Amino acid sequence: MTIRSGRPAAGAARRAAAAVLGGALAAAALAACSSDPTQKSSGGDAGVLNMYLYQKPKTFSPLAPNNGPDQLVMSFVFDSLYGADASYGLKPHLAAAAPEVSGDARTITLKLRPGLKWSDGKPLTSKDVVFTYTALANPATGSAQAGKFAAVTGAKALADGKADSLAGLTAPDAATVKITTTRPAAGLPGLIGNTPILPEHVLGGVPAKGLGDNGFFTKPTVGSGAFAFVDYKTDQYVELKANPHFREPVSIKKVYLKPVTSDVATAQLRTGEMDLTQVSPTDLPTVKKMDGVRVVSAKSPGYTRIALNQTQGRFKDARVRQALLTAIDRKGLVDKVLGGAGTVVNSSFYGDAGASAKEGYAYDPGKAKSLLAAAGWDGSKPVTLSWIPGQRDRDTAVTVIQSQLKAVGVNVELKQVQADELLSSYEKKSFDMALFGGGNYATEPSTVATIDACDQGYPAGGNIGRFCDPKLDGLLSRADAVADPARRKGLFQQAAEVENAQVPYLWLYNPDAVWAFRTRLSGFEPSGLPTNEVGTWDFANWKLS
């Protein structure tokens, strides 16, 4: 069965799209009559930007499990030591330069820029970095990120409640952070460097136990990002204003991040109620015809893929996972659903590090059936595929995948969920299959461990499916133990080969990042990084006319 079988006929698709767009336009027109301040600002208010937020945020806490919309908002409000440049290398943000890693990869020195300030004008120093990293490393705070700090000296004592601080984390002066580790950890700066830094002078007096539940994380009144938090009107918008103390001058005065469906975002782009949005490839022909709108795109290391709950016996056999991947026409998804704006991938590793992922898992229903038969697959038991609706490419992809898996004897039931339910199902291990997106492992390949390693089960880590392969863990640890780039790349390539064979996830594709914006916005450069990448954009370059 080809991918075409999962799609409506062209005429029906056009009529459906017109109906959706018409409904969205009507909704937008009604909203224009309301007291919504984002509507007042539409149509060209100088200095006010309306931007699409692809899902509703839950919290604004870096301690919480990663959630794309939350991280997108935090990228405006909080700065990090490092971001990523166009080639996915570390780009200093709060840091003054690249991290200094000792030859044995056991000591890391980080230097801050001079003169940094919080949005309330207080100095931002190395004490804030130490406070933040200590809170993240301490599970008592409610942190879901503690696993990232396991290599830091004293992390276990802190996690076990035998210490109040990280012995290997110090601030020798106001601009210097020094980290020592119990084992070589050359990839540590790439693993933790994009974490939002929190204000020690605001949160330092809050007891560590339960810190993540503090009200600050629903209204972060003090930040270091380009914009300061003002308000969150649930289901309507997140309101931000320019931070006068940001490390670079920002000309845009106010930003509204609006959680709407991609259809509504596209409709509002036409009316001028939305200035900047990501666009589904299926909407590109419509968007390209809009007056006063420009479309730009970039290749992305971010992924769309399916997690399999491997606490269930039926997904433990690698042949089953290989069969499911082989049963899906991924090239067809890219060609038909994304309109060619994407790349089929066969590993979580990216670029040179992933070059050894040789098995391409070409679409082959016959081979998929044989693998399932060899693994003793029981086709009488249905499998639920969960996803968060609202993004047209994903909404279409799940119906295609359902059809193609049915053709090889896998009975898939589709289940639309919201973010809370999906994340809860990860934690309870109650899902079967879940389609989701995001992530970037191009800047530091060792971060693949956060989604694949045996000890990184969700929510302490990002291993949603509870995949576990000690050989892969060993290769990632060995790669982290050497500082020499060539030796590291060789070990990552071995790791990618193992991951490619074991198929911990059903990798579907890396969708190109396609953006559309009203031409009154200038200075916006598309990033290939997914929208949940913290600290990605050069906000200071954005201008509104």
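These numbers were taken from a predicted model, which means no experiment stands behind them.
- No side-chain heavy atom of Gln55 sits under 4.5 Å from any side-chain heavy atom of Gln418.
- Under a 3.5 Å cut-off, the side chain of Thr399 and the backbone N or O of Thr396 do form a donor-acceptor pair.
- Between the side chains of Thr286 and Arg270, no donor-acceptor pair of N or O atoms lies under 3.5 Å.
- Side chains of Asn346 and Arg330: a donor-acceptor N/O pair is present below 3.5 angstrom, by distance only.
- Side chains of Asp283 and Thr266: a donor-acceptor N/O pair is present below 3.5 angstrom, by distance only.
- Judged by distance alone, with hydrogens and angles left aside, the side-chain atoms of Ser262 form a donor-acceptor pair with the main-chain N or O of Gly390 at under 3.5 Å.
- The heavy-atom pair separating Ala135 from Leu211 by the smallest distance is CB-CD2, 3.9 Å.
- Considering only heavy atoms from C-beta on, Met51 stays 4.5 Å or farther from Thr277 through its side chain.
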Could you go through residues 183-192 and list every donor-acceptor pair under 3.5 Å that involves a side-chain atom there, pairing it with any protein atom two or more places apart or in another chain?
residue: Arg183; atom: NH1; partner: Asp480; partner atom: OD2; Å: 3.3

* Show the numbers, then the answer: is there a side chain to side chain contact (heavy atoms under 4.5 Å, CB included) between Tyr232 and Tyr237? => CA-CA 6 Å; Tyr232 173 32; Tyr237 56 81; over 6 Å; no
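- Within the 4.5 Å cutoff, the side chain of Tyr505 has heavy atoms near those of the Ile451 side chain.
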* To do: Give the intermediate values and the outcome of side chain to side chain contact (heavy atoms under 4.5 Å, CB included) for residues Thr261 and Tyr54.
  => CA-CA 7 Å; Thr261 66; Tyr54 66 98; over 6 Å; no
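- Tyr441 has its ring centre no less than 6.0 Å from the ring centre of Tyr350.
- Of all heavy-atom pairs between Thr153 and Thr181, the closest is OG1-C, 3.4 Å.
- For the pairing with Gln310, the side-chain hydrogen bond (donor to acceptor under 3.5 Å, both in side chains) check across Lys316, Arg321, Lys429 returns one residue only, Arg321.
- A salt bridge links Asp512 with Lys299; the closest basic N to acidic carboxylate O contact falls under 4.0 Å.
- Using modelled atom types, one finds a donor on one side chain and an acceptor on the other under 3.5 Å when comparing Thr311 with Asn309.
- Of the possible donor and acceptor atoms, none in the side chain of Asp263 sits under 3.5 Å from a partner among the backbone N and O of Ala267.
- Paired with Val238 under the rule side-chain contact (heavy atoms from CB on, under 4.5 Å), one option of Leu72, Val77, Val73 passes, and it is Val73.
- Asn510 places no side-chain N or O within 3.5 Å of a backbone atom of Gly342 that could act as its donor or acceptor partner.
- Side chain of Ser403 to main chain of Val400: no donor-acceptor pair is present (N/O by atom type, distance under 3.5 Å, no hydrogens or angles).
- From Leu414, atom CG reaches atom CE of Met433 across 10.0 Å, with rounding to the nearest 0.5 Å.
- Ion pair Arg319/Asp317 flagged as a salt bridge, since at least one NZ, NE, NH1 or NH2 atom sits closer than 4.0 Å to an Asp/Glu carboxylate oxygen.
- Contact check for Pro259 versus Tyr52: no side-chain heavy atoms found under the 4.5 Å cut-off.
- A donor-acceptor pair under 3.5 Å is absent between the side-chain atoms of Asp160 and the main chain of Lys162, judged by distance alone.
- One finds a salt bridge joining Arg488 and Glu444 here, because a Lys/Arg side-chain nitrogen approaches an Asp/Glu carboxylate oxygen to under 4.0 Å.
- Asn194 CG to Thr443 OG1: the interatomic distance, rounded to the nearest 0.5 Å, is 8.0 Å.
- Residues Ser386 and Leu422 are in side-chain contact: their nearest non-hydrogen atoms beyond the backbone lie under 4.5 Å apart.
- Side chain of Ser424 to main chain of Asp420: no donor-acceptor pair is present (N/O by atom type, distance under 3.5 Å, no hydrogens or angles).
- A salt bridge links Arg314 with Asp432; the closest basic N to acidic carboxylate O contact falls under 4.0 Å.
- In this model, a donor atom of one side chain and an acceptor atom of the other lie less than 3.5 Å apart for Glu499 and Ser347.
- You'll find the side chain of Leu338 stays beyond 4.5 Å of the side chain of Leu333, heavy atoms only.
- Side-chain N or O atoms of Glu359 include none that pairs as donor or acceptor with a backbone N or O of Asn500 at under 3.5 Å.
- Separation of atoms SG (Cys454) and CG (Asn463) is listed at 8.0 Å; rounding is to 0.5 Å.
- Looking at Tyr303 and Tyr509, their side chains never come closer than 4.5 Å, going by heavy atoms from C-beta outward.
- Distance alone, capped at 3.5 Å, is enough to place a donor-acceptor pair between the Gln402 side chain and the Val412 backbone.
- Closest approach of Phe149 to Ala137, counting heavy atoms only: CB-CB, 3.7 Å.
- Contacts classified as salt bridge (charged side-chain N to carboxylate O under 4.0 Å, His left out) and involving residues 452-468 (residues at least two apart or in different chains) are not found.
- Nearest heavy atoms, Val320 versus Ala375: CG2-CB, 3.6 Å.
- Scanning all heavy atoms of the two residues, the minimum distance from Leu166 to Tyr133 falls at CD1-O, 4.0 Å.
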* To do: Test Tyr361 against Val503 for side chain to side chain contact (heavy atoms under 4.5 Å, CB included), laying out the working first.
  => CA-CA 10 Å; Tyr361 297 102; Val503 191; 3.4 Å; yes
* To do: Under the side chain to side chain contact (heavy atoms under 4.5 Å, CB included) rule, what do Thr132 and Thr134 come out as? Steps first, then yes or no, please.
  => CA-CA 5 Å; Thr132 301; Thr134 302; over 6 Å; no
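- Atom CG of residue Leu435 and atom CD1 of residue Ile306 lie 5.0 Å apart, to the nearest 0.5 angstrom.
- The minimum heavy-atom distance linking Pro526 with Trp515 is given by the pair CB-CD1, 4.0 Å.
- In terms of modelled atom types and a separation under 3.5 Å, the side chain of Ser356 and the main chain of Gln493 share a donor-acceptor contact.
- The shortest side-chain heavy-atom distance between Asn411 and Val383 does not fall under the 4.5 Å cut-off.
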